[in-house]
Every structure is written in C-alpha cells, then in structure tokens.
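Quick note on labels: first sequence line is chain A, next is B, and so on, each numbered from 1. This one's a predicted model, so the numbers in the text were calculated from it and none came from an experiment.
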4 protein chains.
Amino acid sequence: MRKLDPIRHEEKRQEILAAANRCFERSGLKGASISDICKEAGISPGHLYHYFQSKDAIIATLSEAWLSRTRERFEGLSALEGNVAAALVVEIGRLAPSGPNSGTELVFEILAESTRNPAMGEIIQAHSRSLRAIIADVLRTGQKRGDVRADLDVEQAATVAVAVVDGLKALSLRAPQADRQPAAALFQNMLEGLIKGEGP
Amino acid sequence: MRKLDPIRHEEKRQEILAAANRCFERSGLKGASISDICKEAGISPGHLYHYFQSKDAIIATLSEAWLSRTRERFEGLSALEGNVAAALVVEIGRLAPSGPNSGTELVFEILAESTRNPAMGEIIQAHSRSLRAIIADVLRTGQKRGDVRADLDVEQAATVAVAVVDGLKALSLRAPQADRQPAAALFQNMLEGLIKGEGP
Amino acid sequence: MRKLDPIRHEEKRQEILAAANRCFERSGLKGASISDICKEAGISPGHLYHYFQSKDAIIATLSEAWLSRTRERFEGLSALEGNVAAALVVEIGRLAPSGPNSGTELVFEILAESTRNPAMGEIIQAHSRSLRAIIADVLRTGQKRGDVRADLDVEQAATVAVAVVDGLKALSLRAPQADRQPAAALFQNMLEGLIKGEGP
Amino acid sequence: MRKLDPIRHEEKRQEILAAANRCFERSGLKGASISDICKEAGISPGHLYHYFQSKDAIIATLSEAWLSRTRERFEGLSALEGNVAAALVVEIGRLAPSGPNSGTELVFEILAESTRNPAMGEIIQAHSRSLRAIIADVLRTGQKRGDVRADLDVEQAATVAVAVVDGLKALSLRAPQADRQPAAALFQNMLEGLIKGEGP
DNA sequence: GATGAATGAGTCTTCATTCAT
DNA sequence: GATGAATGAAGACTCATTCAT
C-alpha cells in the first residue's frame with residue numbers, strides 16, 4: 001500500500017524552500033528564524049524538520065539555487081551560433097539592472113559566511129569554479145571562431161569576468177536607485193577591449 | 001582641576017571598538033555577541049553601554065572604519081605629482097592580494113544589511129558617493145595633465161572603478177588560496193584602456 | 001481461511017521490543033526516542049503505536065524482561081538434586097563478571113523511576129517479591145536436606161541475597177574494568193557463613 | 001568600587017543548587033527541566049546560566065554532593081578510639097532505614113548515566129575509589145588494633161563493603177515500606193564474620 | 001497492516017539590554 | 001566610572017503522539 005509520496009514530498013519541500021527564500025530576502029540569513037519560516041510556510045516547526053535536517057541545510061540548498069541563477073545566465077552561450085564573445089559581453093552588461101531584489105544580498109552573505117563555515121566555503125568555491133569554467137569555455141569557443149584574440153589567457157579572463165559580475169552586483173546594492181546602465185556600458189567596452197584586443 | 005575624562009573616555013571607546021572589531025572578524029556581525037565583545041575588551045556588559053547605545057551603534061561606527069580603509073587608499077592620489085591615473089590603476093591592482101583577513105567579509109555583510117537596515121543604507125551610500133567622488137577627482141586631475149583621455153565620463157568611470165574594487169574583494173573570498181595577481185593585472189590593463197583610451 | 005495475524009502480530013511485537021531494547025541499552029530510558037526505536041526496528045512511528053500504547057508501555061514490558069533475567073537464573077535451583085545452597089551461592093558469585101553490558105544500568109534506571117512512577121513501583125515490587133520467594137524456597141529446600149542451618153530466617157536471608165545481587169550489579173558499574181571476581185569470592189564466603197552457620 | 005559579590009554569589013549558587021536538588025528528587029535527572037529549576041529557584045533561565053554553564057554542570061555539582069553524603073558517613077571512623085571494625089559494621093547497618101527520600105534514586109541514575117556519559121563515569125569512579133580507600137583504611141586501622149583478622153585482604157573487603165552499601169540502598173527502593181532492619185542485622189553478622197574471621 | 005505527514009509544546013541555551021549598587 | 005545580577009523573549013531543534021490515507 002504505497003503512497004504517492006515522492007511527488008507530494010518534493011512539492012512540500014519546494015514550498016518550504018520558497019517560504020524560506022522569502023524570509024531570507026526579508027530578514028537575512030541569520031535574521032530569519034526557523035519560526036519565521038514555519039509561519040511563512042504555514043507548517044509547524046516539528047514538521048519542517050521532516051523535510052530538512054537543519055537551518056543550515058535549508059540555506060545550503062537555497063544557496064545553490066541563488067548561485068545557479070547567475071550560472072544559468074551563462075550556460076548555453078558557447079552553444080550559440082553567432083559571435084559568442086559579444087553575447088558574453090552583452091550578458092554581463094545585462095546584470096546591472098537587477099536591483100536589490102533577486103537576493104543579491106544573500107549571495108554576499110554566503111560569501112561572507114564562507115569565510116567561517118567550511119560547508120559554505122565548499123559551495124561557493126564549487127560554484128566559482130563552475131562559473132569560471134563556463135565562461136572560459138565560451139571564450140575558447142570564441143577563440144576558435146576568431147572572435148576572441150588568440151593570445152588571451154582564457155582562465156584569467158574568466159576570473160576577471162566573474163569578478164566583474166560580483167562588482168556589478170555590489171554596485172546594485174551601493175547605488176540602488178541609480179541608473180547603472182552607463183557604467184555597465186563602460187564595463188562592456190572594457191571587456192570587449194580585453195577579449196578582442198586592440199592595442200599592442 | 002580638570003578631569004581627564006574626555007581623553008580617557010575616547011581611549012576606552014577605541015579599545016572597545018578594537019575588541020569588537022576582532023570579534024566581528026572572527027564570528028561575523030550577527031555571530032559575535034555583546035558578551036563576546038565584553039570578554040574580549042575585558043569589561044562588563046553594563047559598562048559597554050556607557051560607551052555605546054547598542055550593538056547596532058557599534059556596528060555602524062565600525063562600518064565607517066571598514067569602509068574608510070578603502071577610501072583612504074585613494075584619498076591622497078589626486079595630490080600626487082606624477083601620473084595620477086597610473087597610480088590609481090596600480091592602487092586598484094594592489095587590492096587583489098588582500099586575503100580573507102582584514103574584514104573583507106564584513107564589508108559584504110554590511111552591504112547585505114544595507115538592503116534591510118536604512119541606517120546602514122545611509123552609511124553605505126554616503127561612503128559610495130565619497131569614494132566615487134575621490135576617484136572622479138583623481139581622474140579629473142589626470143584629464144588636466146593629459147594622462148586621462150578628455151572625453152571620458154569621469155563619474156561613470158569612477159563608478160566602474162568602485163565596482164572593480166568590490167569585484168576584487170569578492171574574488172579574494174571566492175578563491176581564497178589562488179594567486180589573484182594575474183587577474184588583477186588583466187584588470188589593470190582594462191582600466192588603462194578605459195582611462196587612456198585606445199579606441200577609434 | 002484463518003489469518004495468521006496473531007502469530008505475525010506477536011512476532012512483530014517481539015521484533016520491536018528487541019529493537020527498543022537495543023536503543024535503551026545504547027541511550028538510556030529517556031535518551032532513546034520513539035523515533036530511534038522506529039528506525040532501529042525499521043518501521044514507521046504510526047505503526048509502532050499499533051503494537052504499543054505508549055513509550056511507557058514499551059518500557060514496562062521490557063522492564064519485566066530485564067528483571068526476569070535475574071529471576072530466571074535462580075528459578076530452577078530448588079529443583080536441583082545436589083546441594084541447593086551451594087548452587088545458590090555459586091550462582092550469585094557468577095553475577096560479578098557481567099560488565100556494563102546486558103542492560104544492568106537499565107535495572108537501576110527503573111529502580112529510580114519506581115520512586116516516581118507508581119506503575120513502575122508495582123513492577124519492581126512484584127519482581128522483588130517473586131525473586132525473594134524463589135530464593136527463600138531454595139533455602140527452605142536446603143534446610144530440608146540439611147545444607148542450610150535450621151534456625152536461619154529464610155525470608156530475611158533471601159532479602160539479603162537480593163541486596164547482594166543488586167550490590168554486585170552496582171559494582172559492575174562502579175568498577176567497569178576491574179576484576180570483580182575476588183570480591184565475588186568474598187561474598188560467596190560470607191553467604192556460606194550465613195547459610196551454613198558457623199557461629200557459636 | 002568592589003562588590004561583596006563572592007558571598008552573595010555563592011549564596012545564590014547554593015540556592016539554585018537546592019532548588020535543582022528538589023526538582024531532581026521530584027522528577028529525576030532527565031525529568032526535571034531547566035525551566036522547572038528556574039521556577040523553583042524563582043529566577044529566569046538566562047540568569048541560571050550566570051551561575052552554571054549547563055544543566056550537566058548542575059548535575060555534576062549535585063552528584064558530588066549526593067555521593068559525598070555516603071562518604072562522609074565513613075570518614076572519621078578510622079580516627080575513632082574504640083573498636084573501629086565494629087563501628088564500621090554499625091555504620092553500614094544504619095544505612096538500611098534511609099527510605100526513598102535523600103535522593104538514593106539519583107545515585108542510581110548517575111550510576112546508570114555513568115555508562116554513557118564519560119564525565120559522569122569519572123565522578124562515579126573517583127567517588128568509588130575514595131569510598132573504598134576510606135573503608136580500607138578503617139580496616140587497616142582495625143588490623144593494627146587486632147580487631148580485624150590479619151590475613152584479610154582489606155582492599156577486596158572494602159570493595160565488598162561498598163557493594164553492600166549499594167545493595168542496601170537498592171533494597172530501600174525495592175521494598176520502600178518494609179522493615180529493613182532485620183536484613184541489615186544479617187548483613188552486619190555477615191560482615192563481622194568476614195572481618196573478625198571465625199572460620200577454620 | 002502500514003505509512004509518514006503533521007502537530008505544538010517542550011528541550012536546553014543565548015541574546016541584547018537594563019538596573020541597582 | 002564600573003560591576004555583574006537580572007530579565008524574558010527568542011534561538012534552533014526534538015519529542016511523543018495522532019491521523020488521514
């Protein structure tokens with residue numbers, strides 16, 4: 001007499017994650033309590049622990065989601081037909097508008113937490129590696145097609161791109177109501193210069 | 001028969017701030033408790049509240065200090081005699097080595113907190129404005145001396161520079177044990193391209 | 001078309017009791033949770049309550065088992081052919097080696113619990129009475145055969161024997177890694193003196 | 001401007017210990033909660049942790065007190081002038097009347113806990129050693145005065161005495177309302193036989 | 001028979017803060 | 001200035017138990 005659990009279970013899990021996400025965005029990683037999350041999800045504290053082992057486990061699960069959002073933006077770029085490098089630059093430029101919504105702060109919180117919590121450090125570093133690998137891949141594709149200068153150290157360039165992404169995210173918190181498009185345009189120019197290479 | 005209070009008072013205040021700073025670096029903004037700080041400072045909790053109204057007040061005070069560290073790096077630049085723009089680029093490149101010590105994480109924590117705490121928001125934005133102003137000033141000085149291309153929008157370029165600073169700080173957390181110098185060198189190249197101008 | 005339920009039911013009950021026993025030995029009466037027991041037994045919490053009304057009911061059932069172990073050691077003695085009193089003394093001496101395994105601690109826990117839980121008190125006292133009765137019976141058999149001195153108050157002697165049994169169990173917890181055999185030998189001498197009588 | 005803390009502090013500490021003691025006797029080691037203890041002591045939970053690091057610390061402190069009660073009964077015996085061995089036997093016989101008051105159950109609870117909690121194990125074993133040492137000392141004094149037979153292994157005899165003490169304590173829980181004096185008298189006879197030696 | 005979702009009061013402990021001295 | 005006693009709400013998490021399926 002089996003139950004159709006797996007589906008229901010996963011649904012509930014996702015509901016709880018969504019509720020937790022809202023709480024974390026509202027109050028921060030340490031600011032949001034298990035009790036808050038339970039209220040938001042409409043469940044009892046005991047029940048939450050049926051789905052997650054600990055608050056940290058919830059944070060870890062959500063962290064991957066938060067970090068994935070950025071990664072997904074770049075995944076698939078190297079499969080494009082046209083000028084891959086240009087697409088990359090455009091994509092990075094598009095990061096600027098994202099205001100203090102989509103949990104940018106939370107990424108910075110886990111970045112800070114990664115200093116003290118080894119588990120978080122793992123997550124962050126794994127994400128950093130994969131993000132860097134994706135961008136390096138895009139750049140290599142560009143090199144094959146001649147859109148990226150041949151002598152570019154793609155690994156270091158990818159590292160720079162990741163840092164630019166972080167810098168733009170920080171910018172959205174530093175100047176929440178400013179028009180960040182012009183600065184993003186400058187960044188695009190800079191990246192184009194780096195990637196295409198124009199001066200000796 | 002004057003009392004030396006004001007001096008002593010300020011000394012003690014600074015001692016407490018130093019102790020709090022150590023605690024925050026060790027455990028984070030929420031992770032460090034008033035009790036921890038008191039132990040570190042060697043005073044009683046009641047006494048601490050003679051010097052600071054609340055934990056938030058301590059954080060606010062220290063935040064300015066943390067942010068100032070970066071500002072001070074750039075403050076004297078426009079008064080330099082030589083190539084001001086080159087000095088700026090060098091200075092930004094120097095940020096890379098700073099590992100996950102010196103409270104880099106704390107800057108990201110207050111960045112995140114600024115989303116939720118208006119007082120923090122004020123502090124962050126004031127600091128961002130002043131940092132941008134300083135860098136814009138350096139660039140304007142460079143324009144006068146011909147080291148910076150005349151048609152550069154110095155305000156936007158300063159914004160970009162601030163974002164690069166943040167990006168490099170994030171990088172030091174994302175890749176704590178990597179050699180970040182090569183990436184920093186690429187950043188320097190990019191900034192030079194932006195500032196001196198090589199485009200058509 | 002009879003159902004095999006009653007048999008299966010009892011089997012499952014015993015399985016659960018065995019699992020609970022393991023848990024209690026591992027973590028103590030309060031330390032072991034229903035959840036632990038369910039995991040150990042490989043069943044769901046809801047299911048466990050089909051077999052036992054409550055955790056206390058499980059403990060009560062097992063308590064009888066724990067206490068019975070000691071009772072069973074002495075049960076067949078009075079039916080022996082040879083010197084019954086000597087066999088009793090030997091049997092008591094054999095208690096010493098039992099280390100802090102076999103749930104000796106649990107007997108002391110229910111002894112403590114009996115102070116506060118009347119149901120436990122009932123169980124303990126019933127067991128004490130029956131154990132005393134068995135030993136008194138053995139002694140009476142010994143008196144008939146002349147192995148036990150005729151003027152011995154067998155009821156009081158049985159009470160003493162029970163206390164000696166408890167004392168030896170406590171000893172196995174107080175000195176878990178000591179060789180308790182020499183002390184047990186002294187006890188045997190003492191009991192022989194009591195039973196055979198050597199006084200004036 | 002020093003405070004007269006040390007005195008007040010110790011007083012409060014003792015008050016809390018007394019309250020905790022009452023709670024533990026009423027509900028057992030795990031059954032009594034910090035909250036119960038705070039209510040009984042008339043303080044807030046936060047305040048309790050000003051005086052004790054943890055519930056375990058309270059239990060450890062009280063454990064020593066509980067165990068000491070028994071030890072104190074025997075301390076001083078070897079300094080007596082008269083027949084030391086007889087005094088020891090009398091003292092052991094006096095243990096019987098102590099009903100289920102004075103926290104006998106709690107001693108058994110820590111005895112059980114000592115199996116699982118190393119800190120408790122330490123306490124129990126230290127106490128066992130000191131109790132055994134005291135009784136062995138009394139017996140040695142008796143040997144010098146000729147009250148104890150010269151060939152007695154005093155260490156093993158002391159071990160037996162400790163077990164008898166535990167056995168009598170268990171008896172007070174097994175038969176709370178019985179007259180345990182006759183059984184205690186038998187024990188005294190047995191011990192006299194062991195100590196003075198009457199056999200061949 | 002059997003599952004596991006669900007509860008909510010309860011666990012120990014920590015927190016920022018206040019107050020009498 | 002300085003102490004540390006005192007608070008009590010809140011922290012994360014666990015518990016024995018019930019119920020719909």
Worksheet item: Would you call C:I123 and C:I110 a side-chain contact if the rule is heavy atoms closer than 4.5 Å?
Response: no
At under 4.0 Å between heavy atoms, what does [X] touch on the DNA or RNA strands: base, sugar-phosphate, or nothing?
X: C:S33; answer: sugar-phosphate
X: D:I43; answer: sugar-phosphate
X: A:I34; answer: sugar-phosphate
X: C:A57; answer: nothing
X: B:Y51; answer: sugar-phosphate

Fill in: Donor-acceptor contact present, side-chain B:S27 to main-chain B:F24, <3.5 Å
no
Fill in: Ion pair check, D:R26 and D:E40, cut-off under 4.0 Å
yes
Worksheet item: Between C:E25 and C:R22, does at least one N-O distance fall below 4.0 Å, as a salt bridge requires?
Response: no
Take the protein atom [atom1] of [X] and the nucleotide atom [atom2] of [N], then report the distance between them rounded to whole Å.
X: C:K39; N: F:dT14; atom1: NZ; atom2: C1'; value: 10 Å
X: D:I37; N: E:dT11; atom1: CD1; atom2: P; value: 11 Å
X: C:I59; N: F:dA16; atom1: CD1; atom2: C1'; value: 11 Å
X: A:I16; N: F:dA12; atom1: CD1; atom2: C1'; value: 16 Å
X: D:K30; N: F:dT14; atom1: NZ; atom2: C1'; value: 13 Å
X: A:L48; N: F:dC13; atom1: CG; atom2: P; value: 9 Å
X: B:R13; N: F:dA2; atom1: CZ; atom2: P; value: 15 Å
X: B:H9; N: F:dG1; atom1: NE2; atom2: C1'; value: 10 Å

Kindly say if [X] contacts the phosphate of [N], meaning a side-chain N or O under 4.0 Å from OP1 or OP2.
X: C:S44; N: E:dG4; value: no
X: D:H50; N: F:dA6; value: no
X: D:H47; N: F:dG8; value: no

Discussion item. Side chain to side chain contact (heavy atoms under 4.5 Å, CB included) for D:N21 and D:L17? Distances and angles first, verdict last.
Written reply: CA-CA 6 Å; D:N21 197 39; D:L17 283 174; over 6 Å; no
Discussion item. Tell me whether the rings of C:F108 and D:F108 are parallel (<30°), tilted (30 to 60°) or perpendicular (>60°).
Written reply: parallel
Among [options], which nucleotide has an atom closest to any side-chain atom of [X]?
X: A:Y49; options: F:dT7, F:dA12, E:dT17; result: F:dA12
X: C:S54; options: E:dG8, F:dT17, E:dT3; result: F:dT17
X: D:P45; options: F:dT17, E:dT3, F:dG8; result: F:dG8

Discussion item. To the closest 0.5 Å, what do you measure between CD1 (D:I124) and CG (D:N117)?
Written reply: 11.0 Å
Practice prompt. Please figure out whether B:K12 or A:D36 has its closest DNA chain F nucleotide nearer the 5' end.
Written response: B:K12
Worksheet entry | First of C:S35 and D:G46 reached from the 5' end of DNA chain F, by closest nucleotide | D:G46
Discussion item. Could you check whether atom CD of C:E122 has more than 12 heavy atoms from other residues, nucleotides or ligands sitting under 6.0 Å from it?
Written reply: no
Fill in: Bracket string, DNA chain E, 5' to 3' - pairs by Watson-Crick or G-U geometry under 3.5 Å, | interstrand
.||||||||||||||||||||
